[in-house]
Amino acid sequence: PATGKELWRCGGLNPTGDKYYRTVCSPAVVGDMIFACVKKGPFVACKGGGKGLVTATNVAWTSPNTCDVPTPVSDGKLLYVLNDGGTLTCFEPKSGKVVYEKQRLPRGTYSASPLLADGRLYLTNETGRTTVVAAGPEFKVLSENPLDDDYTLSSIAVSGSELFIRTSSSLYCISGK
């Protein structure tokens, strides 16, 4: 941090060398592992540390189950990857073992990143429908909650026990009170 000097770099996200590849989502970190993805894959798991280019030594695993815009989320035990097309895949972070894959959510495009809170995943599509899925090794939809609105790209924000969802025309506050 004092100098900004790069310590190490891990590649593997653009295996074909396509100059138009894009990376939109942020990397996710679980323990000493960093997870990154691009729209057409692969999803790359890299062990942190080392010096210089560490792709050959630090890539722990890769998967074709990838994402583009939504950032993966983890509770430290499992890693959830939401694809823009509305499929959810769950991995064991260290091994890359697929716990479940390509579970279909309600139709639509998903640009918002998943929220993991209180043992639940909140997955919002661009029409403002939030699907709540139980966190854990079994894919289980708990509820579907549409908003009376037309468009959202925003991820859910949290303050205390309240959830905030911004759409093209409104800011919603969801609260148990």
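Of the candidates Ser168, Ser111, Ser154, Ser111 is the only one forming a side chain to side chain donor-acceptor pair (under 3.5 Å) with Glu126. Across Val29, Val30, Val81, a single residue satisfies side-chain contact (heavy atoms from CB on, under 4.5 Å) together with Pro72, and that is Val81.
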Q.
Under the criterion salt bridge (charged side-chain N to carboxylate O under 4.0 Å, His left out), I'd like the reasoning laid out for Arg120 against Asp118: C-alpha separation, chi angles, the key distance, then a yes or no.
A. CA-CA 6 Å; Arg120 296 177 182 93; Asp118 199 27; 3.1 Å; yes
(Q) Pair Cys25, Ser113 - check side chain to side chain contact (heavy atoms under 4.5 Å, CB included), show working. (A) CA-CA 8 Å; Cys25 72; Ser113 295; 6.0 Å; no
Q | Verdict with supporting geometry, Val54 and Arg9, side chain to side chain contact (heavy atoms under 4.5 Å, CB included) | A | CA-CA 6 Å; Val54 299; Arg9 171 186 301 250; over 6 Å; no
Q | Check against salt bridge (charged side-chain N to carboxylate O under 4.0 Å, His left out), Lys39 and Asp84 | A | CA-CA 9 Å; Lys39 185 174 188 168; Asp84 316 25; 5.6 Å; no
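With contacts defined as side-chain heavy-atom distances shorter than 4.5 Å, the pair Lys77/Val99 does not qualify. Residues Ser63 and Pro42 fail the side-chain proximity criterion, which asks for heavy atoms closer than 4.5 Å. Between Trp61 and Met33 the shortest side-chain heavy-atom distance falls below 4.5 Å. Using a 4.5 Å heavy-atom cutoff, the side chains of Tyr122 and Leu163 are in contact. Contact of the Cys90 side chain with the Tyr80 side chain is registered, since non-hydrogen atoms from C-beta on lie closer than 4.5 Å. The closest side-chain heavy-atom distance from Ile156 to Phe164 is not below 4.5 Å. A 4.5 Å side-chain heavy-atom check between Leu79 and Phe35 finds at least one atom pair inside the cut-off.
When the side chains of ILVMFWY residues are joined at heavy-atom separations under 4.5 Å, either directly or via intervening members, Leu147 and Val158 end up in a single hydrophobic cluster. Taken together through direct or relayed side-chain contacts under 4.5 Å among Ile, Leu, Val, Met, Phe, Trp and Tyr, Val132 and Leu116 form parts of separate hydrophobic clusters. Using a 4.5 Å cut-off between side-chain heavy atoms of Ile, Leu, Val, Met, Phe, Trp and Tyr, with links allowed through other members, Leu142 and Ile165 fall into the same hydrophobic cluster. No path of Ile, Leu, Val, Met, Phe, Trp and Tyr side chains, each step under 4.5 Å between heavy atoms, connects Leu13 with Ile34, placing them in separate hydrophobic clusters. Under a hydrophobic clustering in which Ile, Leu, Val, Met, Phe, Trp and Tyr are joined whenever their side-chain heavy atoms come within less than 4.5 Å, directly or via other members, Leu115 and Val141 fall into different clusters.
Under the salt bridge (charged side-chain N to carboxylate O under 4.0 Å, His left out) criterion, Glu162 pairs with no residue at all, not counting sequence neighbours.
A distance of 8.5 Å separates CG of Asp68 from CG of Asn83, quoted to the nearest 0.5 Å. Note that CD1 of Ile174 is 8.5 Å distant from OH of Tyr172, once rounded to the nearest 0.5 Å. Here CG of Leu153 is found 10.5 Å from OG1 of Thr167. Values are rounded to the nearest 0.5 Å. One finds the OG1 atom of Thr66 at 11.5 Å from the CG atom of Leu82 (value rounded to the nearest 0.5 Å). Taken from CG in Leu121 to CG in Asp75, the straight-line distance is 8.5 Å, to the nearest 0.5 Å. Here the straight-line distance linking atom SG of Cys46 with atom CG of Asn58 works out to 5.0 Å at 0.5 Å rounding.
Less than 6.0 angstrom separates the ring centroid of Phe91 from the ring centroid of Phe43.
Counting non-hydrogen atoms of neighbouring residues, nucleotides and ligands closer than 6.0 angstrom, the CG atom of Asp18 exceeds 12 such neighbours.
A distance-only check finds a donor-acceptor pair linking the side chain of Thr152 to the backbone of Arg166 [under 3.5 Å].
The two residues Arg22 and Val69 have their closest heavy-atom pair at NH2-CG2, 4.4 Å. Of all non-hydrogen atoms in Gly12 and Pro15, the two that sit nearest each other are O-CD, 3.9 Å. The heavy-atom pair separating Tyr100 from Pro137 by the smallest distance is CD2-O, 3.6 Å.
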Would you mind writing out the side-chain donor-acceptor pairs for residues 102-110 within the sub-3.5 Å range, not counting sequence neighbours?
{"unit_1": "Gln103", "atom_1": "NE2", "unit_2": "Glu101", "atom_2": "O", "d": "3.4"}
{"unit_1": "Arg104", "atom_1": "NH1", "unit_2": "Gly85", "atom_2": "O", "d": "2.6"}
{"unit_1": "Tyr110", "atom_1": "OH", "unit_2": "Pro106", "atom_2": "O", "d": "2.9"}

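Counting only N and O atoms by type, the side chains of Thr130 and Thr124 include a donor and acceptor under 3.5 Å apart.
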